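Bear in mind that the values here come from a model prediction, so they are computed numbers and not experimental data. Residue numbering restarts at 1 for every chain, and letters A, B, ... go by the order of the sequence lines.
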Amino acid sequence: MKLLAVTLFSFCLLAGDVAAASDVQGANLMLKPEDIRAVAPALESYAQKVLKDDLWKRPGLSVRDRSIVTVAALIARNQTVELPTHLGLALDSGVKPSEISEIITHLAFYTGWANAMGAIPAARDAFRSRNIGADQLPPASGPQLPLDEAAEKQRASRVGEQFGQITPSLVQYTTDVLFRDLWLRPALAPRDRSLVTVSALIATGQVAQITYHLNRAMDNGLTREEAGEVLGHLAFYAGWPNAFSAAPIVKDVIEKRPH
Amino acid sequence: MKLLAVTLFSFCLLAGDVAAASDVQGANLMLKPEDIRAVAPALESYAQKVLKDDLWKRPGLSVRDRSIVTVAALIARNQTVELPTHLGLALDSGVKPSEISEIITHLAFYTGWANAMGAIPAARDAFRSRNIGADQLPPASGPQLPLDEAAEKQRASRVGEQFGQITPSLVQYTTDVLFRDLWLRPALAPRDRSLVTVSALIATGQVAQITYHLNRAMDNGLTREEAGEVLGHLAFYAGWPNAFSAAPIVKDVIEKRPH
Amino acid sequence: MKLLAVTLFSFCLLAGDVAAASDVQGANLMLKPEDIRAVAPALESYAQKVLKDDLWKRPGLSVRDRSIVTVAALIARNQTVELPTHLGLALDSGVKPSEISEIITHLAFYTGWANAMGAIPAARDAFRSRNIGADQLPPASGPQLPLDEAAEKQRASRVGEQFGQITPSLVQYTTDVLFRDLWLRPALAPRDRSLVTVSALIATGQVAQITYHLNRAMDNGLTREEAGEVLGHLAFYAGWPNAFSAAPIVKDVIEKRPH
């Protein structure tokens, strides 16, 4: 009940897109509903009628997943202004602090180190204001999820043949740091890790990498319906062109998978 | 005469690329000519000789249109630092407050919600400093421009066939929110709305979406010469690579249209 | 010896990714190691073990070059938060103030005017804190490097035939401002200017422009091994997807060049 109340409150915040105060990176940053109204009354209206009352209530993708998709898009696009609102909404929607921590760590590799660094202040403030301490965060290292050795060897061998001569460092780090380390960290389920990855790819127009990662996401449990809803959701948070540039690839992936 | 004086003054600002003070999102942000000189004297010189004295004075694209293109590029690329200067220049060049309001609303959908939110503080400050009140802004909703039902049905049917099964939400919102609502808002002429859209696409490297929207822009009245000047203008404000990646597509669109 | 000490100190800074204070654009911005630890302990660990102790120590690309690549990526991606750290590291690694000045000027054209403007505050502060004055900066104009007239005429003629009718302004500025001016400025060696350009292209996913500029870079002296290391380095600073989207093109360029 308390969660519900907090969630509803956050939806109100969302509607007005009020960014929380932060003491770094935009000191005393506050975007108030009256600021939006003073520039574009239509935006406030769309936020309420289309985003809050419709998009976020659509079936096919849970509010928790929509929060993960939105946070991933904002970090991938380096849009820290909206991050406090959506980190709060994510925590209210059932995304665990440890999962937010892992999402940021994951995106350091999948969108760039500085994107993760840019997300630190907002996450630190969100955790601090909810008394979320180090005990709720994933350790720097520890037990790993089991690895499908055969599949990973096949992947590594394929990439090695393609690029091993050209860029040995990229090939080596991809194996050692990403697929034999980052992806095996247990604090974010592989399906959610894939959801973060695919969202970041679509949100930044990285169409060439969607095929591999959407297949991986669906292997990890993302459904066709969810994939379609991710596109519709990201149209709002990463712009229509990114959604439409990804759509043919999403279609192709889904149609080629065994039913 | 007063407009001219203000415009010339703004060109001086432009030359030095002095960002106006803003009390959020970069509190007391001030980039002064001496800051540029303290890092790269050549940049100050290029700003004067190439941008101010040449690019902005070229025929083929009006100063008003160049302002619209520049503002669209900055919002699309989330570059709020330069926005105060160019919003001021846009207002001085004849872009109406209601048009700026609509440009921001339009780009919420065509570049991402957070891009529009990021533009709010600079626009709010620009409006406030000129005593531009709510009476000069477009209402959240109201009378719409007439719709070409046949053309819209054809578009919706084509997109529905392509993606309706895969992502029903994207298809539905595209029809209901974009083409039967946003594009019919009267405070921004369809030709200008198209100019904003095409500028945002080029400025963010969304080459796959240029063909449709440049054709639409030219249907809406953008000339061949203007399209070519948009490319040259955006080379400076979105970088040479974006201009050159768009150039073959612009060429293809122009050559395939009936003369 | 003093340089070495400063460099080692900077590596420590790098490990914690501590951004220097800046009095504009993020007033009093300070990202401390404990901030990272309070959100994602794994990130601090990766920064130390993978970035500091491994990536930056790899042979095949000098620390100076890695600094140039990193600074170019940050400016190209408009990620000013990390810029103070990496500008300091660049200066400590042997990148001259005049070279940093030229890198920023170069990227105004190759990534967008506002990207260069966004880099000014951090560079101004870095120069000021080291007492780097105007006498150490390249003049706005002066003697130029020699031009290969035949090659430039061929380039200009090829681009003119392709796009001269469509966008005369883009074609003209490319010749006059870029290839007969910017590229001939002597304060940044052509090989380094190419390294900056290629890094910016990869870091922003501008795959269509890599072929021309990587060939130019290798004509200017960049080795195959260095090109491969740039990819591995940028995976961390611009995200894995950008590195993997560029890899096939880098491979194609390298394989097609005469051995």
Side-chain angles (χ1 to χ4, degrees), chain A residues 23-27 76 78 80 100-102 104-105 107-121 123-124 127-128 132-134 137-141 159 162-163 165-174 176-178 181-182 185 197 200-201 204-209 212-213, chain C residues 17 19 26-31 34-47 50-51 54-55 58 60-61 70 73-74 77-83 86 203 205 207 224-225 227-245 247-248 250-251 254-255:
Chain A
D23 66 347
V24 305
Q25 209 167 356
N78 214 22
T80 49
I100 286 176
S101 175
E102 281 300 298
I104 294 173
T105 299
L107 291 174
F109 297 96
Y110 277 93
T111 70
W113 201 260
N115 295 63
M117 290 301 121
I120 294 285
R124 179 204 57 193
F127 288 176
R128 192 183 284 165
I132 294 164
L137 302 180
S141 61
V159 173
Q162 266 186 290
F163 302 123
Q165 294 291 315
I166 296 296
T167 174
S169 61
L170 179 60
V171 168
Q172 194 65 43
Y173 285 128
T174 302
D176 296 350
V177 182
L178 298 201
D181 183 353
L182 184 71
R185 294 176 58 82
T197 310
L201 292 174
T204 54
Q206 297 280 2
V207 289
Q209 312 302 322
Y212 173 78
H213 279 289
Chain C
D17 261 299
N28 297 315
L29 173 64
M30 283 293 231
L31 194 52
E34 56 260 39
D35 292 328
I36 300 170
R37 217 173 299 137
V39 172
L43 273 183
E44 202 191 7
S45 166
Y46 283 125
V50 182
L51 296 187
D54 198 286
L55 178 73
R58 283 183 63 87
L61 193 67
T70 309
L74 291 174
R77 293 159 59 81
N78 213 23
Q79 295 182 309
T80 49
V81 175
E82 294 284 279
L83 208 45
H86 284 286
V207 289
R224 290 172 57 133
E225 189 185 11
E229 283 296 319
V230 167
L231 272 183
H233 193 88
L234 283 175
F236 290 94
Y237 289 98
W240 245 255
N242 277 318
F244 265 98
S245 292
V250 172
K251 184 184 183 189
I254 289 177
E255 287 179 352

Which distance, rounded to the nearest 0.5 Å, do you find between the CD of C:Glu44 and the OG1 of A:Thr105?
-> 11.0 Å
For chain C, the option from A:Asn115, A:Val159, A:Leu182 that forms the most heavy-atom pairs under 4.5 Å = A:Asn115
May I ask you to name which of A:Asp181, A:Thr197, A:Ile132 has the most heavy-atom pairs under 4.5 Å with chain C?
-> A:Asp181
Between C:Phe244 and A:Tyr212, is a ring-ring contact (aromatic ring centres under 6.0 Å, His included) present by the stated rule, with each step listed?
-> CA-CA 12 Å; C:Phe244 265 98; A:Tyr212 173 78; 9.0 Å; no
Quick one: pull up CG in C:Leu231 and CZ in A:Phe163 and give me the separation to the nearest 0.5 Å.
-> 9.0 Å
Heavy-atom pair count under 4.5 Å with chain C, highest-scoring of A:Leu178, A:Ile100, A:Val171 | A:Leu178
Taking every non-hydrogen atom, the tightest pair across A:Leu137 and C:Ala38 | CD1-O, 3.3 Å
Per-residue contact mode, A:Phe109 against chain C (heavy atom under 4.5 angstrom) = both
From CA spacing to verdict: side chain to side chain contact (heavy atoms under 4.5 Å, CB included), C:Val39, A:Ile104 | CA-CA 8 Å; C:Val39 172; A:Ile104 294 173; 3.7 Å; yes
Interatomic spacing from CG in C:Leu43 to CG in A:Leu107 - rounded to 0.5 Å = 10.0 Å
When only pairs under 4.5 Å are counted, which of C:Ala227, C:Ala203, C:Ala247 shares the most heavy-atom pairs with chain A?
-> C:Ala247
Turns out that what part of A:Ala114 lies under 4.5 Å from chain C's heavy atoms comes down to both
Heavy-atom proximity to chain C below 4.5 Å, by part of A:Thr174 = both
Kindly compute the distance separating CD (C:Glu229) from CG (A:Leu170), expressed to the nearest 0.5 Å.
-> 10.0 Å
May I ask you to name which of C:Val250, C:Val230, C:Val207, C:Asn242 has the most heavy-atom pairs under 4.5 Å with chain A?
-> C:Asn242
A:Ser101 and C:Pro41 have their tightest heavy-atom pair at OG-CD, 4.3 Å
Contact origin within A:Leu201 toward chain C - heavy atom pairs under 4.5 Å | side chain
Roughly how far, to the nearest 0.5 Å, is CG of C:Asp35 from CE of A:Met117?
-> 10.5 Å
Between A:Gln209 and C:Ser245, does a side chain to side chain contact (heavy atoms under 4.5 Å, CB included) hold up when you go through it step by step?
-> CA-CA 7 Å; A:Gln209 312 302 322; C:Ser245 292; 2.8 Å; yes
Can you tell me how far the CH2 atom of A:Trp113 sits from the OH atom of C:Tyr237, to the nearest 0.5 Å?
-> 7.5 Å
Given that the side chain runs from C-beta out, which part of A:Asp176 has a heavy atom under 4.5 Å from chain C: side chain, backbone, both or neither?
-> neither
Short side-chain to backbone donor-acceptor contact, C:Lys251 and A:Ile166, under 3.5 Å = no
Verify the neighbour count for atom CD of C:Glu34: are there more than 12 heavy atoms of other residues, nucleotides or ligands below 6.0 Å?
-> yes
Among C:Leu55, C:Ile254, C:Leu234, residue most engaged with chain A (heavy-atom pairs, under 4.5 Å) = C:Leu55
Residue C:Ala238 versus chain A: region with a heavy atom under 4.5 Å = backbone
